Colleague: 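Can you read through this structure? Questions will come right after.
What you see is a predicted model; the values in this text were computed from it and never measured. Every heavy atom of this structure was used, including side-chain atoms; hydrogens, water molecules and symmetry mates were not. Note on naming: letters A, B, ... go to the chains in the order of the sequence lines (proteins, then strands), and numbering restarts at 1 for each one.
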Number of protein chains: 2
Amino acid sequence: MLRLTKRSEYGLMALAFMAQSGQAYTSVREIVAKLRIPRRLLAEVLKDLSFSEIVEAVRGPGGGYRLTCPAEELSLARVVEVLEGAGTVAQCTDGSRCDLSPSCTIQEGINLVAQRVKSVLNDFTLAELSDCTTPRPQPVSLAQGLAV
Amino acid sequence: MLRLTKRSEYGLMALAFMAQSGQAYTSVREIVAKLRIPRRLLAEVLKDLSFSEIVEAVRGPGGGYRLTCPAEELSLARVVEVLEGAGTVAQCTDGSRCDLSPSCTIQEGINLVAQRVKSVLNDFTLAELSDCTTPRPQPVSLAQGLAV
DNA sequence: AGAATATAGCATGATTTTAGTGCTCTTTCA
DNA sequence: TGAAAGAGCACTAAAATCATGCTATATTCT
Ligand code: SF4
Ligand code: SF4
């Protein structure tokens with residue numbers, strides 16, 4: 001349906017939360033308390049993200065998760081890819097071929113679309129994602145002008 | 001999963017096919033024969049497209065479907081919207097609100113992403129979609145032309 | 001050492017979405 | 001009037017997604 005899964009959304013919400021929490025470790029408990037999302041599922045998502053080294057985990061008191069890189073350098077594409085696989089838009093866009101490809105006349109076109117969609121995700125950083133709602137003042141035009 | 005449904009793909013394939021068939025009416029039978037996709041499902045898709053006036057239908061011998069506007073003027077966005085609804089990327093992007101929106105910190109960001117994705121779809125016309133594969137003379141077309 | 005905190009790991013059931021299909025009716029053209 | 005072609009209708013099957021409980025292991029602090 002051209003939608004992100006909840007997994008991705010939860011993951012992004014959590015990451016955005018962490019991005020704002022500075023560089024301290026953030027526990028699942030905290031995130032769940034603030035964001036009101038299923039604890040168990042979030043835990044799994046974060047585990048995956050930790051496995052892919054998008055976040056690092058520390059156990060024990062005071063532990064939790066933390067971004068491994070600045071939010072400005074983490075693209076949505078990377079997160080989404082980890083959380084729901086490489087392919088977007090259609091099935092043939094991640095290398096795996098579909099039964100119809102021999103008779104499919106739009107394969108190349110679709111792949112082009114997929115590429116563009118992906119580049120949207122690639123150009124969108126976690127920083128931007130959380131900045132949109134961060135209680136920051138809005139010198140938006142300036143910031144954008146410089147950032148882009 | 002950020003994927004189009006089969007409905008959309010089938011629809012697009014069919015439309016692309018029609019775009020290449022000139023302005024003659026094309027029957028479901030023909031399309032199915034060439035494209036090897038489920039007949040019944042395609043019929044339903046085309047019915048929807050006809051309801052939304054993306055194609056027009058004519059019954060009876062020699063009838064079928066035909067694009068109502070030049071392929072250059074039909075955006076993927078329009079087709080996809082008809083076939084799988086307005087929302088993309090997340091649930092809150094089509095107006096309907098989700099339970100989490102009060103605590104969701106990324107809503108605006110996601111909406112921005114959705115907007116961009118949508119504009120990718122908006123800028124992509126059916127003409128482009130089929131052009132990607134059209135200009136290439138197919139080495140297989142001979143065999144196909146004779147076989148079918 | 002022991003208590004408390006927090007992630008890691010595991011399997012399964014419920015729900016939702018998507019895909020697929022058969023048959024009959026109506027319209028249109030020759 | 002007969003053949004072609006879309007219109008309408010309801011259901012089943014399969015897959016993806018969401019959600020959840022419990023135990024184990026690692027870390028820190030007292
Ligand atoms: S080959 Fe065609 S039908 Fe198959 S996934 Fe790609 S675009 Fe879709
Ligand atoms: S409000 Fe947040 S969680 Fe709900 S659909 Fe929008 S982005 Fe996703």
Colleague: Strictly under 3.5 Å: I want the nitrogen or oxygen pairs between protein and nucleotides 16-18 of chain C, one per line.
Modeller:
none

Colleague: Check whether any side-chain nitrogen or oxygen of A:S50 sits under 4.0 Å from OP1 or OP2 of C:dT7, and answer yes or no.
Modeller: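 For A:S50, the contact criterion (side-chain N or O under 4.0 Å from OP1 or OP2 of C:dT7) is not met.
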
Colleague: Applying side-chain hydrogen bond (donor to acceptor under 3.5 Å, both in side chains), name anything that partners B:D94, two or more places apart in sequence or on another chain.
Modeller: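 Expected list: B:S96.
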
Colleague: Suppose the criterion is salt bridge (Lys or Arg N to Asp or Glu O under 4.0 Å): which pairs have a residue in residues 2-18 of chain B, not counting sequence neighbours?
Modeller: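 Checked against salt bridge (Lys or Arg N to Asp or Glu O under 4.0 Å) - neighbours excluded - the pairs reaching residues 2-18 of chain B are B:R7-B:E44, B:R7-B:D48.
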
Colleague: Within this structure, what is the CD-to-P distance between A:E56 and C:dA6, rounded to whole angstrom?
Modeller: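 For the pair A:E56 CD and C:dA6 P, the rounded distance is 17 Å.
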
Colleague: If you assign B:S8 and A:V28 each to the DNA chain C nucleotide with the nearest heavy atom, which residue ends up on the more 5' nucleotide?
Modeller: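 Nearest nucleotide further toward 5': that of A:V28.
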
Colleague: If we only count heavy atoms from C-beta on, is the A:M18 to A:I31 side-chain gap below 4.5 Å?
Modeller: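 SC-SC contact between A:M18 and A:I31 confirmed.
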
Colleague: Could you identify which residues of residues 83-90 of chain A place a heavy atom less than 4.0 Å from some atom of DNA chain D, listed by residue number, or say none?
Modeller: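 The stretch gives none, as no residue of it lies under 4.0 Å from the strand.
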
Colleague: Without decimals, in angstroms, what is the distance between A:E44 CD and C:dA8 C1'?
Modeller: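 In whole Å, C:dA8 C1' and A:E44 CD are 11 Å from each other.
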
Colleague: Classify the nucleic acid contact of B:Y10 as base, sugar-phosphate or nothing, counting any heavy atom under 4.0 Å across all strands shown.
Modeller: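 Counting heavy atoms under 4.0 Å across all strands, the contact made by B:Y10 is with sugar-phosphate only.
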
Colleague: Do the non-hydrogen side-chain atoms of A:P70 and A:E73 ever get within less than 4.5 Å of each other?
Modeller: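 Answer yes - side chains close enough.
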
Colleague: Atom pairs under 3.5 Å, N or O on each side, protein against nucleotides 27-29 of chain D: can you list them with distances?
Modeller:
none

Colleague: Any base atoms under 4.0 Å from A:R39, or only sugar-phosphate, or nothing? Heavy atoms, all strands.
Modeller: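 Touches nothing.
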
Colleague: With sequence neighbours excluded, what pairs up with B:P38 under the side chain to side chain contact (heavy atoms under 4.5 Å, CB included) test?
Modeller: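 Per chain and number, B:P38 pairs via side chain to side chain contact (heavy atoms under 4.5 Å, CB included) with B:Y10, B:L41.
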
Colleague: Enumerate the side chain to side chain donor-acceptor pair (under 3.5 Å) contacts for residues 27-38 of chain A, please, sequence neighbours excluded, ordered by first and then second residue.
Modeller: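 Every candidate side chain to side chain donor-acceptor pair (under 3.5 Å) pair involving residues 27-38 of chain A fails, so no pair, neighbours aside, qualifies.
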
Colleague: Looking only at side-chain N and O atoms, does B:Y65 come under 4.0 Å of OP1 or OP2 in D:dA7?
Modeller: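 B:Y65 to D:dA7 OP1/OP2: side-chain N or O found under 4.0 Å.
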
Colleague: For residues 54-72 of chain A, which residue pairs qualify under salt bridge (Lys or Arg N to Asp or Glu O under 4.0 Å), counting only residues two or more places apart or in two chains?
Modeller: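 Non-adjacent pairs meeting salt bridge (Lys or Arg N to Asp or Glu O under 4.0 Å): A:E56-A:R66.
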
Colleague: Figure out the OH/P separation between B:Y25 and D:dA5, and round it to whole Å.
Modeller: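 Those two atoms, OH and P, are 14 Å apart.
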
Colleague: Taking side chain to side chain contact (heavy atoms under 4.5 Å, CB included) as the criterion, tell me which of A:L76, A:V80, A:L74 meets it with A:R78.
Modeller: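 Only one option passes, and that is A:L74.
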
Colleague: Rounded to the nearest angstrom, tell me the gap between atom CD in B:Q91 and atom C1' in D:dT17.
Modeller: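 The distance from CD of B:Q91 to C1' of D:dT17 comes to 13 Å, rounded to the nearest Å.
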
Colleague: With sequence neighbours excluded, what pairs up with A:D123 under the side chain to side chain contact (heavy atoms under 4.5 Å, CB included) test?
Modeller: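 Partners of A:D123 under the side chain to side chain contact (heavy atoms under 4.5 Å, CB included) test: none.
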
Colleague: By the rule that ILVMFWY residues connect when side-chain heavy atoms come within less than 4.5 angstrom, directly or transitively, which residues belong alongside B:V58?
Modeller: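 Hydrophobic cluster check, B:V58: joined to B:Y25.
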
Colleague: Between D:dT20 atom C1' and A:L42 atom CG, what is the distance in whole Å?
Modeller: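 The distance from CG of A:L42 to C1' of D:dT20 comes to 14 Å, rounded to the nearest Å.
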
Colleague: Quick one: B:L41 CG to D:dG6 C1', roughly how many Å, whole number?
Modeller: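 From B:L41 CG to D:dG6 C1': 16 Å.
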
Colleague: Applying side chain to side chain contact (heavy atoms under 4.5 Å, CB included), can you list everything that pairs with B:V82, at least two apart in sequence or on another chain?
Modeller: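 Partners of B:V82 under the side chain to side chain contact (heavy atoms under 4.5 Å, CB included) test: B:L49, B:S52, B:I54.
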
Colleague: Using side-chain hydrogen bond (donor to acceptor under 3.5 Å, both in side chains) as the criterion, list what pairs up with A:E84, not counting sequence neighbours.
Modeller: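 Residues passing side-chain hydrogen bond (donor to acceptor under 3.5 Å, both in side chains) with A:E84: A:T5, A:S8.
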
Colleague: Rounded to whole angstrom units, what separation is found between the NZ atom of B:K47 and the C1' atom of C:dG20?
Modeller: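 These atoms are roughly 15 Å apart.
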
Colleague: How many whole angstroms separate atom CG of A:D99 from atom P of C:dG20?
Modeller: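 Result: 10 Å.
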
